Student: 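Attaching a single structure in structure tokens format; questions to follow.
Model, not experiment: these values are computed from the prediction.
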Amino acid sequence: MWVSGYFIEMSVHEGLNDAQKEAVTSTNGPILVIAGAGAGKTRVIAHRILEIVNKGTPPEQILAITFTNKAASEMRERVLGLVGDAGVPFVSTFHSLGLQIIKENAKLLGYKRTPVIYDRGDSLREIKAALKQIGTEEIEPRSALGTISKQKGQGVTTDTFTQSAATPRDRLVAQVWVIYEQALRKDGAVDFDDLLLRSMLLLRTNEEVRKRYQTRWRFVHIDEYQDTNSVQAEMAEMLIGPERNICAVGDIDQTIYGWRGAEIANMLMFEKKFPGAKIILLEENYRSTKTILAAANEVIAKNVYRREKNLYTKNIDGEPLGIYQAFDETDEAGFIARKVKEGIMEGRKPKDFCVLYRANFQSRAIEEQLLAADIPYQVLGTRFFERKEVKDVLSFIKTALFETPADLARIANVPPRGIGKVTLLKLLSGKEQELTGAVREKIHSLHLLIQKIKMGAEELKPSELVRFVITESGLERMMREDKLEGPERLENLRELVSLASRYDHVAVPGEGLQQFLENAALQSDQDELKQDSNAVRLMTVHASKGLEFPYVFITGLEEGLFPYERMGGDGEDRDDEEERRLMYVAITRAEKKVFLTFASYRTVFGSKNSTIPSKFLSDISDSLVSWEAPERIGRTIYLD
């Protein structure tokens with residue numbers, strides 16, 4: 001046994017640098033690991049969990065929380081690969097953890113069953129209905145929802161906000177919020193923010209529940225700690241027992257979600273929250289070249305609110321960063337397509353290239369040029385589970401299982417069956433007896449369909465049920481008749497069947513379908529990234545966090561675009577430090593080469609405007625860059 005134990009301990013530390021070893025072996029008490037980009041933080045967390053197990057803690061008493069399903073899945077696979085058959089730690093996203101706590105305490109929270117999860121589309125629909133109910137057009141629905149979401153992320157409840165509302169706008173939002181909460185309760189539903197807020201409030205107010213989870217998980221790991229908001233930080237703190245075994249891992253220089261509530265203070269104040277905490281810096285980068293890291297360090301060095309660190313690497317010096325000054329967005333996109341084409345001709349794969357932009361509208365010109373060059377690409381941002389046909393199928397299932405009015409309203413006339421707004425209103429308000437003749441027959445047929453789906457849910461595997469809904473609902477027939485968009489939409493539904501098949505093996509009746517619906521609701525942008533797809537990836541810089549690619553284009557480097565200047569008047573000033581952190585994240589996605597592009601003119605809202613190069617370009621030393629030559633030869637004079 002001693003030999004075996006010695007062998008395992010050696011394997012825990014194998015290939016780790018000194019700082020990583022210290023983070024892995026420091027298992028007791030509070031510890032903050034400041035891990036620079038590409039510094040191997042996931043590996044450290046996985047090996048740290050193995051170290052804790054080797055010291056005698058059952059894996060079931062270990063919790064690891066991160067932010068995306070993709071990151072949680074990768075961490076889970078890595079941990080299980082190390083721990084093997086010893087047991088299974090709880091590896092989860094914050095939202096999945098919140099859902100787990102709510103499910104286990106549903107009755108305490110006043111729910112008759114596991115709540116339905118509203119996605120953003122569901123929430124927006126109810127907010128619009130609430131605004132209509134109070135008879136105001138002064139507030140844009142997305143703005144109202146954004147305010148409510150931000151307040152929930154700060155731990156504010158409906159009652160607290162209503163009592164403190166000081167401005168006319170806040171008082172209107174408070175009215176909307178009250179109606180919105182009534183709709184959630186009526187549907188037995190929660191939204192994304194409730195998954196965190198309700199579970200946190202339960203932990204805060206119920207000592208018995210809090211102690212139960214502290215006993216269950218003796219060691220808590222928080223990945224991407226710099227992205228936590230007030231609720232997530234408090235939720236994590238209340239899961240920590242008297243032993244104070246928390247390991248927070250993050251990087252202040254990669255705090256890029258302030259606009260949605262992430263609080264940089266959670267990292268800066270860690271030692272004050274947890275006196276005696278050990279601080280460990282992981283500064284060795286295993287991803288990028290020396291040149292790329294030097295450029296990233298020069299950009300981030302100008303920020304004030306950060307812990308001093310300097311990324312370094314033992315990798316090669318590498319190529320200088322390429323800078324391209326385009327005439328306009330079409331010229332910029334053409335340059336990208338040419339460079340990718342050259343790379344492919346030299347033996348690289350399309351998936352080796354990633355194009356980053358600050359705003360989604362920038363992708364249009366790039367897509368056009370890649371299409372013209374016959375280069376395959378994938379745009380990150382259009383979530384699979386947000387597609388209409390996919391939501392329709394899921395709404396059929398949720399209507400059958402949960403009788404949610406919102407889902408019934410969605411599918412009542414899908415495919416078209418002659419149920420108009422007046423009929424739907426009577427159906428939803430319980431006045432079905434007022435319907436007569438042909439209309440009543442149509443409603444009866446809809447009820448029969450829903451009943452058949454409900455019976456199917458009890459007997460069929462998840463993938464079989466999805467296939468059943470696609471056929472029985474008439475969606476398949478409708479899409480086959482649509483020669484324009486039908487084939488692609490039908491392919492999406494076939495993909496939905498494939499995704500549902502992942503839950504067919506769950507032995508407990510109904511549990512597989514429940515997991516499928518929950519995971520569909522909890523998907524994020526990065527979960528749309530198909531790793532096996534050999535295509536150029538197009539995405540916002542925000543969506544790229546945690547990813548890496550050999551060759552990265554950072555586009556639109558112009559003042560007002562990157563760094564971004566908000567337009568329209570939500571009253572918020574640009575956070576220059578966060579924009580600089582965003583540029584740092586963009587540069588450090590690259591392994592081998594970075595291309596920086598900007599345009600002299602850019603069309604925004606239909607108007608072509610002259611631009612000023614981004615300040616980030618002048619932050620990088622001339623010795624680290626080289627200018628890319630335009631395709632045109634000689635001097636070209638552009639006339640408006």
Side-chain angles (χ1 to χ4, degrees), residues 116 118-133 141 179 183 186-189 384-460 464-497 500 513 517 520-521:
V116 176
Y118 268 21
D119 62 21
R120 185 169 176 80
D122 297 327
S123 295
L124 202 56
R125 181 190 59 246
E126 293 300 336
I127 293 293
K128 288 176 181 176
L131 286 166
K132 188 175 181 180
Q133 185 174 328
I179 297 169
K186 182 182 177 183
D187 285 358
F384 177 80
F385 288 99
E386 290 294 315
R387 291 178 170 91
K388 181 184 183 304
E389 60 273 15
V390 172
K391 291 193 72 171
D392 287 342
V393 170
L394 295 177
S395 284
F396 271 111
I397 296 173
K398 289 191 286 183
T399 300
L401 292 179
F402 311 125
E403 300 178 0
T404 42
D407 289 299
L408 176 58
R410 181 180 184 89
I411 53 89
N413 206 39
V414 176
R417 51 175 57 89
I419 297 176
K421 290 183 178 178
V422 174
T423 303
L424 179 60
L425 193 59
K426 289 184 177 180
L427 176 63
L428 295 174
S429 58
K431 298 177 181 178
E432 197 175 322
Q433 68 279 0
E434 297 179 9
L435 301 172
T436 59
V439 174
R440 189 160 192 163
E441 281 298 314
K442 291 169 184 174
I443 295 297
H444 179 64
S445 297
L446 177 61
H447 282 315
L448 286 177
L449 172 61
I450 292 170
Q451 189 61 34
K452 286 169 71 176
I453 294 171
K454 186 174 184 177
M455 291 171 61
E458 296 171 358
E459 301 169 0
L460 302 174
E464 294 171 343
L465 179 64
V466 172
R467 194 180 290 112
F468 177 82
V469 170
I470 293 168
T471 304
E472 292 295 318
S473 66
L475 283 170
E476 183 176 26
R477 183 178 64 253
M478 181 180 74
M479 289 174 192
R480 289 191 185 281
E481 292 171 356
D482 179 1
K483 303 301 181 185
L484 190 61
E485 296 181 349
E488 182 179 349
R489 295 173 67 191
L490 197 54
E491 280 300 316
N492 288 334
L493 294 186
R494 286 173 181 150
E495 176 68 11
L496 185 63
V497 174
L513 182 59
L517 293 174

Student: Got a second to check how far Leu513's CG is from Glu458's CD, nearest 0.5 Å?
Tutor: 11.0 Å

Student: Enumerate, atom names and distances included, each donor-acceptor pair closer than 3.5 Å involving a side-chain atom of residues 464-471, sequence neighbours excluded.
Tutor:
residue : atom : partner : partner atom : Å
Glu464  : OE1  : Lys461  : N            : 3.0
Thr471  : OG1  : Arg467  : O            : 3.2
Thr471  : OG1  : Glu476  : OE1          : 3.4

Student: Starting at CG of Asp119, measure out to NZ of Lys391 and round the result to the nearest 0.5 Å.
Tutor: 3.5 Å

Student: State the CG-CG distance between Asp392 and Leu493, to the nearest 0.5 angstrom.
Tutor: 8.5 Å

Student: Apply side-chain contact (heavy atoms from CB on, under 4.5 Å) to the pair Lys128 and Lys132, showing each step before the final yes or no.
Tutor: CA-CA 6 Å; Lys128 288 176 181 176; Lys132 188 175 181 180; over 6 Å; no

Student: Starting at CG of Leu428, measure out to NZ of Lys421 and round the result to the nearest 0.5 Å.
Tutor: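 It comes to 13.0 Å.
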
Student: Taking side chain to side chain contact (heavy atoms under 4.5 Å, CB included) as the criterion, tell me which of Leu517, Leu408, Asp187 meets it with Phe402.
Tutor: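 It is Leu517; the other options fail the test.
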
Student: Apply side-chain contact (heavy atoms from CB on, under 4.5 Å) to residues Arg494 and Leu490 and explain how you reach the verdict.
Tutor: CA-CA 6 Å; Arg494 286 173 181 150; Leu490 197 54; 3.7 Å; yes

Student: Step by step, work out the side-chain contact (heavy atoms from CB on, under 4.5 Å) result for Glu472 and Ile453.
Tutor: CA-CA 9 Å; Glu472 292 295 318; Ile453 294 171; 5.8 Å; no

Student: Under the side-chain contact (heavy atoms from CB on, under 4.5 Å) criterion, do Leu401 and Val116 qualify, and how do the steps go?
Tutor: CA-CA 10 Å; Leu401 292 179; Val116 176; over 6 Å; no

Student: Using 0.5 Å steps for rounding, measure from the CG atom of Leu394 to the CD atom of Glu389.
Tutor: 10.5 Å

Student: Please confirm whether the backbone N or O of Ile419 pairs with a side-chain atom of Asn413, one donor and one acceptor, at under 3.5 Å?
Tutor: yes

Student: Is it true that Asp407 and Arg410 have a side-chain N and a carboxylate O under 4.0 angstrom from each other?
Tutor: no

Student: Sequence neighbours excluded, which residues qualify as side chain to side chain donor-acceptor pair (under 3.5 Å) partners of Thr399?
Tutor: none

Student: Hey, could you give me the CD1/OH distance between Ile127 and Tyr118, rounded to the nearest 0.5 Å?
Tutor: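 Reported value, rounded in 0.5 Å steps: 10.0 Å.
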
Student: Heavy-atom distance under 4.5 Å between the side chains of Pro416 and Met478, does that happen here?
Tutor: yes

Student: Inspect the surroundings of CD in Glu403 and state if more than 12 heavy atoms from other residues, nucleotides or ligands are less than 6.0 Å away.
Tutor: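 Atom CD in Glu403 is not packed in, count stays at 12 or less.
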
Student: I'd like to check the side chain to side chain donor-acceptor pair (under 3.5 Å) partners of Glu432; sequence neighbours left out, ordered by chain and number.
Tutor: His447

Student: Is it true that, when you exclude Arg417 itself, more than 12 heavy atoms of the residues, nucleotides or ligands shown sit nearer than 6.0 Å to its CZ?
Tutor: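 Correct, the count exceeds 12.
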
